[in-house]
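Structure first, then comments.
Keep in mind the model is a prediction, meaning the values are calculated, not measured. Throughout, numbering of the chain's residues begins at 1 and tracks the sequence.
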Amino acid sequence: MAKIIETDVLVVGSGPAGSAAAALLSSYGVKNIQISKYGSLADTPRAHITNQRTMEVLRDLGIEDAAKQYSSHQDLMANNVFCYSLSGEEFGRILSWGNHPARKADYELASPTQICDLPQTFLEPILFETAVSRGTSARFNNEFVDLRQDADAVTATVKDRLTGEQYEIRCQYLVGADGGKSRVAESIGLPMEGQMGLSGSMNILFDADLSKYVAHRPSVLYWILQPGANIGGVGAGVIRMVRPWNQWLAIWGYDISQGEMKLTDEKAETILRSLIGDNDVPLKIRSTSTWTVNNMYASQYSVGRVFCLGDAVHRHPPLNGLGSNTSVQDAFNLAWKLKYVLAGQADRSLLETYSTERQPVGKQIVTRANKSMADYPPIFDALGLLSSSDPEKVNAAIVGRKDATHEGKARRRKLNEALQQKNYEFNTRGVELNQRYKSAAVFGDGTAEPAYSRDSELYYQATTWPGAHLPHVWVEHQGKRKSTLDLCGRGRFTLLTGIGGECWRDAVAAVEERFGVSVDLMSIGPAGCDALDIYADWYWQSEVEEDGCVLVRPDMHVAWRSAVAIEDPAATLVNVFAKILGRPLAAPVESRQAQREMVG
């Protein structure tokens, strides 16, 4: 293995996590190589729900419009339908993904972006093309084998799967985004908690025009409940829209204790006919596959110079649609930190905050997805589907739930309550955006964390409390309507202030002089400020006085804030950055003059 290639960052994996990491690093000017053991990008539309926070990342990358072009719009995701089959009896519906009038405002107030359905077969190429066009060197059919670390770098052994040749890539840092069976995570011995292989599911990707069954109740997910059905499996599954309304993915559970399900096309068609409830509709099976439901997360995300993200560190069922979203957001958290460390503007200790900040998020989404799994049996019970293994008795129970009897009334109430509980799967705004980081990369302002006034899983609560996601409001900047999020990001720190906040200009200059870090200064307020506070929304949302400030990190989380203008803003801001960047000063900077003397 005489051949050694050098780079700043090696990204292992080309899925949403790996391609997002590569795209962000290249956008920040960081030299990186991306490898994948596969010969192409995703060939099945596995992940698909793309939430607003992920769309904010794509917006920051300048590719939001491309994503929207290939996605199904929010209104086509409106219904989650529970039924015996597509043509059979419907048991209930839930207005989901922000489409209920009572929830739509929550989504519109939270972000400049919209949730959408973007299958992985479209998301991956958009991210990958962005990465390569901006400087990533990509290699398919190149498999990560092992690594070793020393004080200065990581040396990865890579195998070219076409030639069998092994070679080495030496990098400053390695990003392991190689999925739920991560070889990178295994190599560095990441500690895992939980269990893999809890249950089994089969996927059947197929084409069929099902418009007559679905167009009047548009949805991404049609839940099929057929306990006792003579098609194998466990009697529950979903028909997922891939492209409206002619490409679909059927997901049907099977008993994993009986071994891996082997599907022939004939068996797959039998299952599909039962789920659709139509023996005559033309259909074409594209592919079949199986997978397992997991409940596992890493208790830490990095060891030394190696960082894992995505499914490598959080493995869970697809419920809540949080998998690829959390993966992309992991990359957004890590990439800017790598940029600043590699540029010599931050100490390596900044990278330790990646695991500190993202591990609780990964644990939460694994827990939430598995809780959503546990919310299905009450629906089955309310319908009477668990009453017997005899199909005739099951059908009698289904009919019996509609009886004008005390028992029928009780079962209908149980069903409605059980369906209502599914809001925790299909409308969890809080899980997506209430991520308040607590780490050395956040400088507290001495105030207590704001309590949640509503359910923190269902509802996002905007705040500028340090560590929180920057609140979105619309402003006018350079003659265009923009979000406060649009004023920030792109790998840079931003300091937001208002009238009377001119003192922060010297503070920003002091930071640039001391650390070589460029900070964008943006005033928001009446005419004359950099951005016009159109509706005075920032005035109320900022939670600081007009002459105070909100410091925003490159990933659009609040790093620090000051309620008002202070006596020596330059010294204060320099000390804030010293802590965030992990570059502590010999002593706190007490004045602008003291800082100049220190630099001199």
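For the residue pair D278 / S87, no side-chain donor-acceptor distance below 3.5 Å is found, with atom types taken as modelled. Side-chain atoms of D537 and W474 form no donor-acceptor pair, as typed in the model, at a separation below 3.5 Å. Side-chain atoms of T464 and E543 form a donor-acceptor pair, as typed in the model, at a separation below 3.5 Å. Side chains of S372 and N320: a donor-acceptor N/O pair is present below 3.5 angstrom, by distance only. Side-chain N/O atoms of N325 and E432 include no donor and acceptor closer than 3.5 Å. Remark: the Q461 side chain and the S453 side chain contain an N/O donor-acceptor pair separated by less than 3.5 Å.
R411 places a side-chain N or O within donor-acceptor distance of the main-chain N or O of A397, the cut-off being under 3.5 Å. Without hydrogens or angle criteria, E56 side chain to D555 main chain gives no donor-acceptor distance under 3.5 Å. Panel note: side chain R286, backbone W248; no donor-acceptor pair is recorded below 3.5 Å. Using a distance-only test at 3.5 Å, with no hydrogens or angles considered, no donor-acceptor pair links the side chain of T44 to the main chain of A42. Looking only at distances, a side-chain donor or acceptor of D533 sits under 3.5 Å from a matching main-chain atom of W538. Checked by atom type and distance alone, the side chain of N423 pairs as donor or acceptor with a backbone atom of Q420 at under 3.5 Å. One N or O on the side chain of R240 and one on the backbone of R46 form a donor-acceptor pair closer than 3.5 Å. With T484 contributing its side chain and P471 its backbone, the two residues share a donor-acceptor pair below 3.5 Å. Side-chain atoms of S26 come within 3.5 Å of backbone atoms of T136 as a donor-acceptor pair (strictly under, hydrogens ignored). With hydrogens and angles ignored, the 3.5 Å screen pairs no side-chain donor or acceptor of H100 with any backbone N or O of S96.
Taking the six-membered ring for Trp and thresholds of 30 and 60 degrees, H469 and H557 have ring planes more than 60 degrees apart, a perpendicular arrangement. Ring-plane geometry between Y84 and F91 is classed as perpendicular, the angle between the planes exceeding 60 degrees on a 0 to 90 degree scale with a lower cut at 30. Under the 30°/60° scheme for interplanar angles, the aromatic rings of F122 and Y70 are found to lie parallel.
With respect to the salt-bridge test (charged N to carboxylate O, under 4.0 angstrom), the residues R59 and D486 qualify. A salt bridge between D520 and R492 is present, with a side-chain N of the basic residue lying under 4.0 Å from a carboxylate O of the acidic one. Classification of R368 and D375 as a salt-bridged pair holds, one side-chain N sitting under 4.0 Å from a carboxylate O.
Counted within 6.0 Å of NZ on K284, heavy atoms from surrounding residues, nucleotides or ligands total 12 or fewer; the atom is thus considered open. The number of heavy-atom neighbours closer than 6.0 Å to CZ of R217, taken from other residues, nucleotides and ligands shown, is above 12. With a 6.0 Å radius and a threshold of 12 heavy atoms from other residues, nucleotides or ligands, Y376 has its OH atom above the threshold. Atom CZ of F140 is surrounded by more than 12 heavy atoms from other residues, nucleotides or ligands within 6.0 Å. K181 NZ: 12 or fewer foreign heavy atoms inside a 6.0 Å radius. Around atom NZ of K482, more than 12 heavy atoms belonging to other residues, nucleotides or ligands sit under 6.0 Å away.
Relative to the six-membered ring of Y459, R103 meets both conditions, a distance below 6.0 Å and an angle of at most 45° to the axis.
Residues E124 and S324 form no side-chain contact, since every pair of their non-hydrogen atoms from C-beta on lies 4.5 Å or further apart.
Ring to ring, Y535 and W540 are not that close: their centroids are 6.0 angstrom or more apart.
For the pair P16 and V328, the tightest heavy-atom approach, listed with the atom from each and the gap, is O-CG2, 3.9 Å. Contact between T463 and W465 at its shortest, heavy atoms only, is OG1-N, 3.0 Å.
When the ring-ring contact (aromatic ring centres under 6.0 Å, His included) test is applied to W245, no partner is found at least two apart in sequence or on another chain.
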